[in-house]
Each structure stands twice: as C-alpha cells, then as structure tokens.
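Only heavy atoms go into these numbers, but all of them, side chains included; no hydrogens, no water, no symmetry mates. Position 1 is the first residue of the sequence, and the numbers go up from there. Indexing begins at 1, ligand by ligand and atom by atom, following the structure's order.
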Amino acid sequence: MKVEKVMVIGAGQMGSGIAQVCAQAGYKVILNDLKSEFVERGLGVINKNLSRNVDKGRMTEEQKQEVLRNLTPSTDLQDASGVDLVIEAAVENMEIKTKIFAQLDEIAPAHAILASNTSSLPITEIAAATKRPEKVIGMHFMNPVPVMRLVEIIRGLATADEVYQVIEDMTKTLSKVPVEVNDFPGFVANRVLMPMINEAIYTLYEGVATKDAIDEVMKLGMNHPMGPLTLADFIGLDTCLYIMETLHEGFGDDKYRPCPLLRKYVKAGWLGKKTGRGFYVYE
Ligand code: CAA
C-alpha cells in the first residue's frame, strides 16, 4: 500500500507541524479542525515557517507555493473518505480520541491507516474503538515538529506488521527517524522525559535551588538544549501533568506522582508559554 493522501486532525501546535512536514514531503494533506478559524491559524503558522525557509535560502518562493497547494483546509470529518492515512493530533483526552476514531472508522476507506499522535495514551485502547485495530498505530512526533527528527512509532496489541512497515517507510519520507516502541504508558519518550521534568519541579518545590539554577545545571551540565523547567513551559504544564497522571495511573507506582507545585500551577492557569506564564513569564 502506498500513502498519497493524508488527513491531519487538529491544527494546533502538533497538528500544523505534522501537516507542514507531510506537505513538504509532497503528500496531499487535508488539515482538519473543529472550526475554520483554528485551521486558518494552523495554516498561518505553516506559512510563517515556510517563509522563514525562503528567507534563509532553503526553499524558493515557488517551492513554498507548491507546499501550500498540497494543503487543503477542512472542518468536516467526512473529508477522510478519500485518504490513505489519518494522523490524529486532537486534544489528549481518551473519550474525544475514541469518538474521533470510531467516526473515522466509518468514514475512511477500508485500506486507510488510522494513526494517533498521542503522547502517552494507549494505542490499543484507541484501536479498540474501531473495527480495524490492525490498522491503528501511534505516530508520536516531537515538538517543534518541523525541527525534531524523532517519530516514536507505537505498535498497539493488534497492529499488523504490514501497517507498521508502511508507517515506518512513510516516516522516513518525511526526513524523520522512526523508532519502534511498544504500547506502554508514556511509551519511551515521555516515560523517561516526564519524570525528569517532574523531579526538576520537586527540586524547585523543596527549595533545593532556584528555577534558573535548576535549568542552568541541566543545560550546562548535561548539554540539554533547554533546562527542564523551560522545557515544561514550552510543552505546556497541563500536558506535563496529564502525562504524569497517565504514568501514575498506568503503572500504579508512586515514583510517577505529579509534584504538588505542578498541580498548583495548572490550577492557577499558569500553563507555560501558551498562557504567558508558567515557571517563567513570557511577554
Ligand atoms: N517551528 C519551526 N521551527 C522552529 C520552531 C518552531 N516552533 N522553533 C524553533 N525553530 C527553528 C528555528 O527557526 C531555527 O531554525 P534555523 O536555525 O534553521 O533558522 C532552529 O529551530 C533553532 O531555533 P532557535 O535558534 O530559535 O533556538 P534554539 O537553538 O534554542 O532551538 C529548539 C530551539 C529546537 C526548540 C531547541 O531549544 C530544542 O531542541 N529544545 C528541546 C526541544 C525538545 O526537547 N522537544 C521535545 C519536547 S517533548 C515532546 O514533544 C513530546 C511530548 O509528547 C510532550
């Protein structure tokens, strides 16, 4: 099976990035969200990213226009009726995701693969909402999608080998590096990353060091591009909390207990860069 037409569901930070890299690789991409203003916002971000590439001489204006022509806006899930692959990047909520997958199962052609960009929710459970669990798989892109090379490819319990192979090959055409992972809470990326971020928040909570000091230690000491508290703001503190809760619940182990300070910030609406305030203040 060859993937030619892709639908991306969710035009937020992750969805617009996924749509961009797919369109740049020559796929015909339908970018779908609930409201046209969300889709327009996502397309605006893509346009800006492509313009930066033109300014930096990495792409001509004609190539940029070609990429934009590969993108079609949509607010109707019925548009999945002609695609080969759907990549869902909607909100991290199991109820919403299973509802979307059940609908897609009815709409998408029988051969179509249904992928989720979930950062930690079980692919096996999402797949169980469809009558084609063998064609359901995880494609976990990293933020910012146009820059980060990794895609975790998650096999659900029923994912077929052929489906895994199609998605691995397709990921390579996006100039990304696919890495195979099995379906356990947090997969690999967030199972390792989030406890580190949570522990950094505990060190702040317990007064071990200031936020700047904690970030400086990890940046200069471990050669991380961003300190863990800056990275948490960048990811979104609500997302960090949600993933910690998924790990805590999924493994039932107290080592994944979210730091009370993280809960407090989320309750205050201090969600990081996107709300202008998290551990740091953003203008
Ligand atoms: N979209 C597109 N391009 C972007 C971008 C964005 N949102 N942010 C930065 N870039 C590009 C810049 O244009 C720049 O490109 P050029 O050099 O070609 O012009 C390049 O990235 C570097 O950017 P900057 O010089 O502005 O800043 P930087 O050197 O600090 O790099 C960064 C920015 C790539 C984000 C870097 O800080 C970094 O790697 N941070 C860590 C990112 C990370 O850990 N991501 C994983 C998050 S966890 C996750 O995604 C999983 C999950 O489920 C939660």
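Residues that satisfy the ring pair (Phe, Tyr, Trp, His ring centres under 6.0 Å) test with Tyr282, not counting sequence neighbours, are absent from this structure. In this view, Asn49 and Gln20, Val45, Arg52, Pro146 satisfy the side chain to side chain contact (heavy atoms under 4.5 Å, CB included) rule, not counting sequence neighbours.
Contact between Val166 and Met1 at its shortest, heavy atoms only, is CG2-O, 4.0 Å. Closest heavy-atom contact between Ile123 and Ser116: CD1-CB, 4.3 Å. Nearest heavy-atom pair across Pro73 and Glu40 is CB-OE2, 4.4 Å.
Remark: of the listed residues Lys131, Arg132, Lys99, Lys131 is the sole one forming a salt bridge (Lys or Arg N to Asp or Glu O under 4.0 Å) with Glu106. Just one residue in the list Gln65, Gln63, Lys64 forms a side chain to side chain contact (heavy atoms under 4.5 Å, CB included) with Val54, and that residue is Lys64.
Heavy atoms from other residues, nucleotides or ligands lying under 6.0 Å from CZ of Arg69 number more than 12. Heavy atoms from other residues, nucleotides or ligands lying under 6.0 Å from CD of Glu249 number 12 at most. The environment of Leu77 atom CG is dense: over 12 non-hydrogen atoms of other residues, nucleotides or ligands sit within 6.0 angstrom.
Not a single protein heavy atom sits closer than 4.0 Å to atom 14 (C) of ligand 1. For atom 43 (C) of ligand 1, the protein comes within 4.0 Å by at least one heavy atom. Counting only heavy atoms, the protein never gets under 4.0 Å from atom 33 (C) of ligand 1. Per-atom contact check: atom 20 (C) of ligand 1 does not touch the protein, criterion being a heavy-atom distance below 4.0 Å. Protein heavy atoms come within 4.0 Å of atom 48 (S) of ligand 1. Taking a distance limit of 4.0 Å, we find that atom 26 (O) of ligand 1 is approached by no protein heavy atom. For atom 51 (C) of ligand 1, the nearest protein heavy atom lies closer than 4.0 Å. Distance check on atom 30 (O) of ligand 1: every protein heavy atom falls at or beyond the 4.0 Å cut-off.
Considering backbone and side-chain atoms together, His140 places an N or O closer than 3.5 Å to an N or O of ligand 1.
Distance from atom 46 (C) of ligand 1 to its nearest protein heavy atom, with residue and atom name: Asn143 O, 3.5 Å. Distance from atom 18 (O) of ligand 1 to its nearest protein heavy atom, with residue and atom name: Arg58 NH1, 2.6 Å. For atom 36 (C) of ligand 1, the nearest protein heavy atom (residue, atom name, distance) is Pro225 CB, 4.1 Å. Nearest protein heavy-atom contact of atom 8 (N) of ligand 1 is Pro144 CG, 3.8 Å.
Contacts with ligand 1 closer than 4.0 Å are made by no heavy atom of Val145, backbone or side chain. Here Val147 has side-chain heavy atoms under 4.0 Å from ligand 1, and that is the only part of it that gets that close. Using a 4.0 Å cut-off between heavy atoms, His224 makes no contact with ligand 1 at all. When non-hydrogen atoms are compared, ligand 1 lies under 4.0 Å from the side chain of Leu193 (C-beta onward) but not from its backbone. At a heavy-atom cutoff of 4.0 Å, ligand 1 is contacted by the side chain of Met226 but not by its backbone.
A salt bridge links Arg155 with Glu180: the closest approach of a Lys/Arg side-chain nitrogen to an acidic carboxylate oxygen falls below 4.0 angstrom.
Atom numbering of ligand 1 starts at 1 in the shown order; those under 4.0 Å from a heavy atom of Met148 are 42 (C), 43 (C), 45 (N). For ligand 1 and Arg52, the ligand atoms under 4.0 Å from any heavy atom of the residue are 2 (C), 3 (N), 4 (C), 13 (O). Close approach of ligand 1 to Lys56 is summarised as follows: ligand atoms under 4.0 Å from at least one heavy atom of the residue are 16 (P), 19 (O). Taking a cut-off of under 4.0 Å to the non-hydrogen atoms of Asn49, the atoms of ligand 1 that pass are 1 (N), 2 (C).
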Test salt bridge (Lys or Arg N to Asp or Glu O under 4.0 Å) on Glu125 and Lys97; report intermediate values, then the result.
CA-CA 10 Å; Glu125 195 175 333; Lys97 288 203 195 286; over 6 Å; no
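In this structure, Phe251 has its ring center no closer than 6.0 Å to that of Phe184.
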